[in-house]
Amino acid sequence: MTPAQQSAEALKICRLAPVVPVLIVEDLAHARPLAEALVTGGLPALEVTLRTPCALDAIRAMADVPGGVVGAGTLLTAADVKAAKKAGARFGVSPGSSPAIIQACQDEGLPLLPGAVTATEIMALLEQGYTVQKFFPAEQSGGAAFLKSIGSPIPQVSFCPTGGVSLKNAPDYLSLKNILCVGGSWVAPKEAMVRGDWAAITTLAAEAARLRA
Ligand code: 3PG
């Protein structure tokens, strides 16, 4: 899969909703009800981070939730990419953009949202054909002000900023021309998952889904 094809897929996924939930699933039993709660609230694209022992099984459990598009985040190695694809991930997200991750996603045919935070990194990805990129960690790397500035010389790259994004600051990002959506963990708080309060998560998702009509 070429970078252009990957970015075309990433573009479609990022346009599904204003927010991509970033999920840290610690209990496999939470995976399916969590995905159902978020999709019901209006957030279909879900990023399951490969940070917990059950993350790959969580992707498997969520992959056939109706209306959902489940991807894998925190891809750090080529082995992560292979495992994520095998588990049923339909897209991948990486905090940065190492050559090994990029090659593995091309080989596996996994649409990739590669991470960048400087003009040089953004340009290096653009040279390869990646026009849709993750900006991480967003708040710590200059936030919406940075993205507004970079949109002037490099308008052909669109971003999904993630890291420190909240319901409160999301509109600052979403109002920019070069922002497709934001990513964030606030829509799936650990306490609500532990309580099994899926209705609360649906409410948070619905609130997030309304961010940009
Ligand atoms: C992450 O990878 O942790 C995401 O960027 C989520 O960041 P957040 O918890 O600040 O939303």
Side-chain angles (χ1 to χ4, degrees), residues 1-22 43-50 69-78 80-81 84-85 89-165 169-184 208 211-212:
M1 190 175 215
T2 66
Q5 289 167 333
Q6 294 185 66
S7 284
E9 282 304 309
L11 185 67
K12 282 190 218 156
I13 291 164
C14 287
R15 281 189 171 147
L16 290 173
V19 178
V20 176
V22 176
L43 302 181
L46 309 175
E47 175 189 334
V48 179
T49 60
L50 300 190
V69 179
V70 180
T74 324
L75 297 176
L76 297 178
T77 66
D80 289 342
V81 173
K85 173 81 181 183
R90 288 168 60 186
F91 64 95
V93 185
S94 177
S97 49
S98 77
I101 291 284
I102 287 176
Q103 191 59 51
C105 285
Q106 290 174 9
D107 293 347
E108 293 291 322
L110 187 69
L112 174 66
L113 193 57
V117 282
T118 65
T120 302
E121 291 172 1
I122 293 164
M123 287 166 63
L125 284 172
L126 178 60
E127 271 176 17
Q128 296 181 65
Y130 290 101
T131 52
V132 181
Q133 303 178 12
K134 165 167 162 144
F135 181 66
F136 172 83
E139 278 295 292
Q140 298 81 351
S141 305
F146 176 96
L147 289 164
K148 185 175 183 195
S149 297
I150 208 75
S152 185
I154 317 179
Q156 59 275 62
V157 177
S158 299
F159 297 91
C160 169
T162 305
V165 182
N169 64 15
D172 300 342
Y173 290 97
L174 293 169
S175 65
L176 301 176
K177 270 194 273 198
N178 56 345
I179 303 305
L180 296 164
C181 62
V182 299
L211 272 168
R212 187 179 46 186

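Values below: all heavy atoms of this structure, side chains included; hydrogens, waters and symmetry mates excluded. This chain uses plain numbering: 1 for the first residue, then up along the sequence.
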So [Y] and [X], do their side chains get closer than 4.5 Å, heavy atoms only?
| X | Y | value |
| --- | --- | --- |
| C181 | V20 | yes |
| V48 | T74 | no |
| D80 | S94 | no |

Is there a donor-acceptor pair under 3.5 Å between the side chain of [X] and the backbone N or O of [Y]?
| X | Y | answer |
| --- | --- | --- |
| S7 | T131 | yes |
| N178 | L147 | yes |
| N169 | G164 | yes |
| Q6 | L112 | yes |
| Q103 | P99 | no |
| S175 | D172 | yes |

Hey, mind stepping through L211 and V19 against side chain to side chain contact (heavy atoms under 4.5 Å, CB included) and telling me if it holds? CA-CA 8 Å; L211 272 168; V19 178; 3.7 Å; yes
For E9, what residues pass the salt bridge (charged side-chain N to carboxylate O under 4.0 Å, His left out) criterion, not counting sequence neighbours?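 K12.
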side-chain hydrogen bond (donor to acceptor under 3.5 Å, both in side chains) with Y173: which residues, sequence neighbours excluded?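 By the side-chain hydrogen bond (donor to acceptor under 3.5 Å, both in side chains) rule, Y173 matches E139.
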Would you call the rings of F146 and F135 parallel, tilted or perpendicular, taking 30° and 60° as the class edges?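 Parallel, since the angle between the ring planes stays under 30°.
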